[in-house]
Every structure is written in structure tokens, then in C-alpha cells.
Amino acid sequence: MKNALYRLVAGFAAVAISGCASSQSLPYMQNGAPLRTLSQSGAGKIKHIVYIVQENRSFDNLFQGYPGADTQSWGYDSKGNKVTLKPVSLSTQYVIDHSASAMFTACDGKGSLPGTDCRNDGFDQEQSFGGPKSYPEYVYVPHKDSKPYFDMANQWVVADRMFQSHLDESYVSHQYIIAAQAASSVDLPYGQWGCSGGSYDEVPTITKQRTIGKYIRPCYDYQTLGDELDKAHLSWRFYASSFGSRSSGDGSYWSSYQAVRHIYYGPDWKKDVISPNWKFITDVRKGKLANFTWIVPVCDDSDHVNCPGGYGPSWVAALVNTIGKSKFWDSTAVFVQWDDWGGLYDHVPPPFEDYDGLGFRVPLLVISPYAKQNYVSHVQYETASVLRFAEDLWGLGQMAAADTRANSPAPDCFDFTQNPRPFVKIKAPLPPSFFMRQYPENYEAPDYE
């Protein structure tokens, strides 16, 4: 009932904005339902949204033991054994299968469709390579490694009911962050992760029955948030690292717009897709920040289980501190989200919303001078919730099923009646200068997912 109410008021907000109501509008009642005012969406106060997307961590793994959040330090395996989660460093590199098939296995559901009515006791059946010898899926990040993330949550908001909008891994994740869909694609493409490949490049799709369907090219022409922003004369930028030229395949796997035909072959590719990703830091220092910004990491900075480095907390701190020290702080909302669960144990069963969602629980941080302080949000969110926040803020329409159903973080995570709180710097082991490096032209991207 509570989730339904949040969806209802979020939907009314978009209507109010498109009707050009004043940001000082008083609350209304329509057919007995509360109509959220513009001031509750952040209109007039939030002018910039920064969406930082990290990789492959479940909530129980990354925020284990966070005060007030729903975490569990143990789980059950497929044989009914109770397994205590053990600490494993953020820089430990190994591989866990996190395909749709692995999701169904880990879920060990009782529903009529795979991956529904989950018991979350099959994680030990996911295939893994390297890492801890026993139960490599049942681990958590030691607090000494995750401290900058805990500090951000202490200062602002962490959400413990954030789920993937989709079932599986990073290719699909990175379409949902821009379009709230992936044309029913599932798992990973065979070949290039976008339009640069040939006709032989394919990605499987998932059917309404959650079986593998036909194969399609990983190159789409659906509407994205960038298209909506263009039509509304609002600016956007997507910061990603591009390894090589277009002719060599533009090998940055997590650069979402390389799989959107009209962007990849249009003017936005050169104007709005920016490489390397650390140019975000120099751009903000120069006084440049788009209305909506995506930032995706390189492997070492990503928190991905099969990436080395372990630099993710320092990378995110560098981005957040850059915004906090800038003139944009008082008008910005920052969202930090991990794109999928990476095969790592989580004890909260994902709700069934549609044939391709929801997937397992992932962390979400909400950072803003208007964000509540040291607050844990228990409202159900999903990947498309960040897009829904932007759509409600600027009166944009919904693009797909996920952003239509998604709850915006605005009502529960923010207090737009308060004065903007001063920024508090997040301490981290590595400074921004560590990340402001250019990979050589012949750098070859590792084969991560």
C-alpha cells in the first residue's frame, strides 16, 4: 500500500509540472488522493542531477552492518546449511556468474516463473572462478575498505530497498540507466556491446515466460532520457572511458549510448558522450555541469568483483567532493548506485514486477544539500527510480514500464523545505589526482562484464 501511494503521488507531480503550476503551489486533493506539490519534487531548487554508477555489489555485501539498515550477516545455502558471511577485501579479484540463469539459481524460487517467490538460498550454486575456496558468494566488504561509502550514508541517505530493474548483469544494467529498458535483452552480447559491431553481433532476449527468446543486434533506437532532455532543451553528459577509436570497437563496455543507434551515429556522440571519465572533475572545476550527468567507472575504480584495484570508494569520493566544493552544490542531487548484484549474497527476496524484473537488491546513496541526514530509506526503489526523479523534476514523460512503475526518491529521501546544508568533505585514501590519468592509445580493455 505504501509503495502504491508513492507511485500515485509521483505520477501526479509530472502532471502538475507539465501544467506549468508554480513551484510554490499549495497541496491539492483530487478524488481523495494527495497531489504532490512541485516543491516536493525539488523543482526550483534542484537544477543538476549527477548519476554515478558503480559495479556489481549487493546491499548485504557492501553495507553489511550499517546502523538502521536491513542487513544480515548469514544466509542459507542450497542444502539448508547456515553460512556466516566472511570479510573479503574490495580489491580481491574473482568471477561469479551473474547471468539471468544465475539469478534464477540463487533465487531458488517457488513461483510459477523462474526467479519468483525467492528463498535466496541458492547462491552457492552460482558458478565461480577464483576467490575464496568456500562460499565465495557469501562475503562482505570489510568496513575499512567501505568507510567512505559509510561516511556518505552517515551524512546523507542510503536506501536499503533498492533493486535492479532487471534480472541480470551489466550490459542490460547500463541500458536501464539511460532508457529504463533494454528491448528485452538479457545477459551479454556475443561480440561488441553496441552499434560498432557487425551484423554477426547478437544479444539474447528474454520472453514473458522468462526463457531465452530470439537474438537481436545490440543496437537500439528506443527513446532515452538524453532524448527527453534534448527535447526539453536541458543539457546532458555521459562520462565514460573509451578505449580505442570507433573503428576498433570503442571498447568501453559500460558506455551505454554506444548501443543506441541515433546517439552513436548522431551529433550527441561527439557533443555529449565525454571521454575519459575523469574529465567530469576538470569540467566541474571550470564551472561546467549539465542538467543531467551520468558517470561510469573504469575497471580498477568500479568495485566490480572481477576487477582489481579496489579504488571505488576513493573514486566516488573524488566525484562527490568535486561537486561539494563547487558552485553547484546547492542546486544538485547526486545518486550513487551499483548496477547489479554481481553474484554476491543478499538476504532480501526481490519483488516480482514484470517478466524482466526485479533483480536482487543493490545499494543506493542519495547525496544533496536537501537530502535527509543520516537517514535510511526503506521505500522500494529500482534502477529506473533515478530516471523517474528526473522526469518528475522536469515534467518529462515516462519511457518504459520500469520508469512508469518506479518510485522516485524525492518524497522520502529529501526535505526540500529545509535550507541547503553545507557540504561535508568525504575523506578517502586516494585524492582526485590519482584518477586524472589518461590511458595510452593502445590500452586494451580487460574482458570484464
Side-chain angles (χ1 to χ4, degrees), residues 56-64 69-86 88 94-141 160-173 176 184-188 204-213 305-306 338-363 380-383 402 449:
N56 291 52
R57 295 285 161 174
S58 71
F59 194 91
D60 272 337
N61 172 264
L62 193 57
F63 280 88
Q64 181 59 227
D70 182 5
T71 66
Q72 187 170 287
S73 60
W74 51 270
Y76 289 102
D77 70 7
S78 58
K79 297 180 180 178
N81 299 311
K82 187 175 181 179
V83 182
T84 300
L85 273 59
K86 55 180 175 276
V88 171
Y94 59 106
V95 178
I96 309 173
D97 182 13
H98 48 287
S99 63
S101 175
M103 186 273 177
F104 301 152
T105 298
C107 160
D108 189 21
K110 298 180 291 183
S112 58
L113 286 178
T116 58
D117 197 10
C118 293
R119 292 175 286 193
N120 285 30
D121 60 2
F123 286 81
D124 61 308
Q125 297 298 299
E126 297 171 326
Q127 289 188 319
S128 64
F129 309 93
K133 291 184 179 179
S134 64
Y135 294 113
E137 307 88 357
Y138 293 74
V139 301
Y140 71 90
V141 176
D160 70 354
R161 281 296 184 276
M162 172 75 175
F163 297 89
Q164 301 173 215
S165 283
H166 61 101
L167 299 171
D168 54 317
E169 46 199 319
S170 292
Y171 174 73
V172 176
S173 303
Y176 270 86
S184 297
S185 300
V186 71
D187 297 336
L188 305 177
T205 60
I206 190 167
T207 69
K208 302 287 185 181
Q209 292 74 40
R210 291 191 164 183
T211 59
I212 297 299
V305 179
N306 58 327
W338 284 258
D339 74 330
D340 65 58
W341 91 108
L344 297 162
Y345 177 77
D346 194 84
H347 80 280
V348 177
F352 173 74
E353 293 285 358
D354 207 345
Y355 70 99
D356 59 350
L358 299 176
F360 287 118
R361 197 172 58 140
V362 294
Q380 180 179 309
Y381 303 119
E382 58 178 279
T383 306
E449 300 173 356

Asker: Whether Asp70 and Arg161 form a salt bridge (side-chain N of Lys/Arg under 4.0 Å from carboxylate O of Asp/Glu) is what I want to check.
Answerer: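 Yes, Arg161 and Asp70 are salt-bridged.
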Asker: Carefully, step by step, assess Leu85 and Tyr345 under the rule side-chain contact (heavy atoms from CB on, under 4.5 Å).
Answerer: CA-CA 9 Å; Leu85 273 59; Tyr345 177 77; 3.9 Å; yes
Asker: Would Lys79 and Asp121 pass as an ion pair if we require N to O under 4.0 Å?
Answerer: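 Between Asp121 and Lys79 there is no salt bridge, as every charged N stays at least 4.0 Å from the carboxylate O atoms.
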Asker: Report the distance from atom CD of Glu382 to atom CD of Gln164, rounding to the nearest 0.5 Å.
Answerer: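 That separation rounds to 11.0 Å.
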Asker: For the residue pair Ser99 and Asp97, confirm or rule out a side-chain donor-acceptor distance under 3.5 Å.
Answerer: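 Side-chain D/A pair, Ser99 to Asp97: present.
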Asker: Among side-chain atoms of Asp356 and Ser184, is any donor-acceptor pair under 3.5 angstrom?
Answerer: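 Result is no, nothing qualifies.
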Asker: Check step by step if side-chain hydrogen bond (donor to acceptor under 3.5 Å, both in side chains) holds for His98 and Asp168.
Answerer: CA-CA 6 Å; His98 48 287; Asp168 54 317; over 6 Å; no
Asker: Restricting to pairs with a member in residues 110-120, which pass side chain to side chain donor-acceptor pair (under 3.5 Å), not counting sequence neighbours?
Answerer: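 Those involving residues 110-120 are Asp108-Arg119.
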Asker: For the pair Arg57 and Leu344, evaluate side-chain contact (heavy atoms from CB on, under 4.5 Å) and give the outcome as yes or no after the intermediate values.
Answerer: CA-CA 7 Å; Arg57 295 285 161 174; Leu344 297 162; 3.9 Å; yes
Asker: Report yes if some heavy atom in the side chain of Gln209 is under 4.5 Å from a heavy atom in the side chain of Tyr355; otherwise report no.
Answerer: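 The answer is no, as the side chains (C-beta and beyond) never meet within the 4.5 Å cut-off.
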Asker: Indicate whether any N or O donor in one side chain lies under 3.5 Å from an N or O acceptor in the other, for Ser173 and His166.
Answerer: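 Side-chain D/A pair, Ser173 to His166: present.
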Asker: Could you list the donor-acceptor pairs under 3.5 angstrom formed by side chains in residues 128-140, with sequence neighbours left out?
Answerer:
{"from": "Tyr135", "atom 1": "OH", "to": "Asp77", "atom 2": "OD2", "distance (Å)": "2.6"}
{"from": "Tyr138", "atom 1": "OH", "to": "Tyr76", "atom 2": "O", "distance (Å)": "2.9"}

